[in-house]
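Take a look at the structure below.
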Amino acid sequence: MNDMTLTEKPVNASDIKITARNVQVYYGTTHAIKDVDVDIPDRTVTAFIGPSGCGKSTFLRCLNRMNDTISICRVTGNIALDGQDIYDKRVDPVQLRAKVGMVFQKPNPFPKSIYDNVAYGPKIHGMTRSRAELDEVVEGCLRRAALWNEVKDRLHAPGTGLSGGQQQRLCIARAIATSPEVLLMDEPCSALDPIATAQVEELIDELRSQFSVVIVTHSMQQAARVSQRTAFFHLGNLVEYGETGHIFTNPSDPRTESYITGRIG
Amino acid sequence: MSVGVLTLGILALAGAGFVLGRKRALSSVSGDPRNLHSLPGYHGQSVALFTAIPALLVMLIWLLLQPLFLEQRIATLLTPADIPDGSSQALVMSDVHRVAAGLDALAAKDGLSEQDIDLLRADLSDIRSRLAGVGVAVGDAIKPGVLTAAKAYRLQSATGRLVMGALALLLAVTGFGWSMRRITPEFRARNVFERFVVALLIGASMVAVLTTLGILLSLVFETRHFFQLYPARDFFFSLTWNPQFRGGSDLGIIPLLWGTLYVSFIALLVAVPLGLMAAIYLAEYAGKKTRTLAKPLIEVLAGIPTIVYGLFALITVGPALRDWFAQPLGLGSSASSVMTAGLVMGVMLIPFVSSLSDDIINAVPQSMRDGSYGLGATKSETVKQVILPAALPGIVGAVLLAASRAIGETMIVVMGAGAAARLDLNPFEAMTTVTVKIVSQLTGDTEFASPETLVAFALGLTLFVLTLGLNVLALYVVRKYREQYE
């Protein structure tokens, strides 16, 4: 439908933020991710698409070592952020996750006030020195998440009282409050209605100016709308990776073509 | 006809009703159940229910009410001359019951006919020895008035039974006939059964509610009785507890309440931090193996009878505290102390707090943890700032439940804290609690109608109100904070 506009999107893939080489993920005896090599550029939206269970979320969770919290999960291979291996023993996963923020499928605001939700990251990482500075960070993040105007009068109301779309934008504000370099989004719009989805997508496009954004999505239209680069996963393999316009209009692998045209998945 | 046989008869009729109702429903559609509104089984059930339930219900109510009703009627037969000095109407009435039972035994064993029994005269024959001959012992020689009353009691209760049996049978047969007659293909027996299920469930829940109400009422009545004998102001505000056998006691609740709250406070001081931390470890840190092993082990503590904890307090903890803390610090020389009871009770309460909190912490959605880890929080930061606030309402509930247990606990206090009512801040002094005094007041040798005994009910009611208040508070806290969840 809006295929025509795809190729016009600029791709400023000047420098590479994350490089993954020969990544394998096992859940117990299941081989969930096989030989994935990928380069994720800075200040770009990269979309991971693919049928359910293809491993795209699993791979996303490798990028900030969220899989460490699952005891049966084992990751091998090399994933580097700015050339630094994130699975190196010297890397503290807790510190890494402050640099690689994450937004989840279902909005999961903490049972705290809107203000405290956003202030959570800066507080635990000691990023601000005074209350005034924290206020500034909170306001800034809420503004960047396009939520400030809607919540500025009720910053101390519980975050769980917001609508689904507002909650998801609050979670985005919470994630960018730790000043991450990469923002991982795991199907951020799957629990939202079309209007909220449009707002979040618009937001993602704006965030691209500051972060490298990686988004997992089930919706091919969404991938086409928001991303500049697209990776297609199938059965744990990275089948094809390239410019979004290219993947959608002229896929080189037959599996990509069947998925995009709706024959598999 | 005895109640047992009657019940069996009614149930048999209901069973027959089920079979016949089912058959009739089937035959009404010439054997094709698809033309019935309800399955044949439902028709059978509806017949069985309408046969059995009203009849059994009437029997039950009759059996409950008849003794009360008879008691009053027979009591009017007794003249003041029948009640000896120093006795009461209740005692004479119990004699009447015994004699009536004895007459029943005479009729059964000696083959006395009803006319013979009617001719028995207390002043002419020695009824006492005849009754003793059939195994019924009566204290004194039986007075004529008592014998007359006993005869009347027998006759009237027999008549009552007969009427009841007839009524129940009539109801069963009527119900049977009526419900058989209304079986048609269109009859909605399924819906009838559904209404019966609802009524059954409501009835079941009413049992608990009514029991609570009954307990409360009995406490309230006896307490009112107590306050007629003893001024309420003294009970609530007097600072001494000193019951005397010969009256003139000081029955102030404050020292007891103080002991209760002091012991409970120490117990919670032990149980809440330990239990909560154990719960956090089990829920957040422990591996699957540790968890499956440790959780039951902690819960074993909940299964230990409190008397065993009491022994532990008396034999081990009490002397140890005295020798190592109280005496060296010059705080007292008593093995039983508030500290002893509090510490042991605290250990007893650990599983209450830990097990409930563990379940509650596990119920916090994984997405909360993910959200926090995703922002670069460590486990303990996540626990402290996200999980505990989310689980707070439930944890408060668990703590208040433990507090209710602590306030109501008796055995550990009897053996650990002693029996001396005292208002003191020193935790190494012996003190006592409301529950201990309820036991000692009710099991003493004092007369039942004296304030020294009746005070137990006032104490019980106070305790009831206290724990009720705690539960209401718990509900309020949980309601208030629950919305933040999700």
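Order of the sequence lines fixes the chain letters, A, B, ..., with proteins taken first and strands second; residue numbering starts at 1 for each chain.
Annotation: maximal heavy-atom pairing with chain B below 4.5 Å, among A/K106, A/R174, A/M102, occurs at A/R174.
Within residues 121-141 of chain A, the residues having any heavy atom less than 4.5 Å from a heavy atom of chain B are, in residue-number order, A/I124, A/H125. Among residues 369-381 of chain B, the residues having any heavy atom closer than 4.5 Å to a heavy atom of chain A are, in sequence order, B/D370, B/G371, B/S372, B/Y373, B/G374, B/L375, B/G376, B/A377, B/T378, B/E381.
Here the shortest heavy-atom pairing between A/K112 and B/Q385 reads NZ-O, 2.6 Å. In terms of heavy atoms, A/Y120 sits closest to B/V386 at OH-CG2, 3.5 Å.
Environment of CZ in B/F325: sparse, with no more than 12 heavy atoms of neighbouring residues, nucleotides or ligands closer than 6.0 Å. Enclosure of atom CG in B/L201 by more than 12 non-hydrogen atoms of other residues, nucleotides or ligands within 6.0 angstrom is indicated. Heavy atoms from other residues, nucleotides or ligands lying under 6.0 Å from CZ of B/R190 number 12 at most. Around CD of A/E206, the count of heavy atoms belonging to other residues, nucleotides or ligands within 6.0 Å exceeds 12.
Heavy atoms closer than 4.5 Å to chain B are found nowhere in A/R65, neither backbone nor side chain. For chain B, the nearby part of A/V100 is the backbone; its heavy atoms alone come within less than 4.5 Å.
Remark: A/A80 pairs with A/T19, A/N78 by the side-chain contact (heavy atoms from CB on, under 4.5 Å) rule, at least two apart or across chains.
The list of side-chain hydrogen bond (donor to acceptor under 3.5 Å, both in side chains) pairs with a residue in residues 87-104 of chain A, not counting sequence neighbours, reads A/D88-A/R90.
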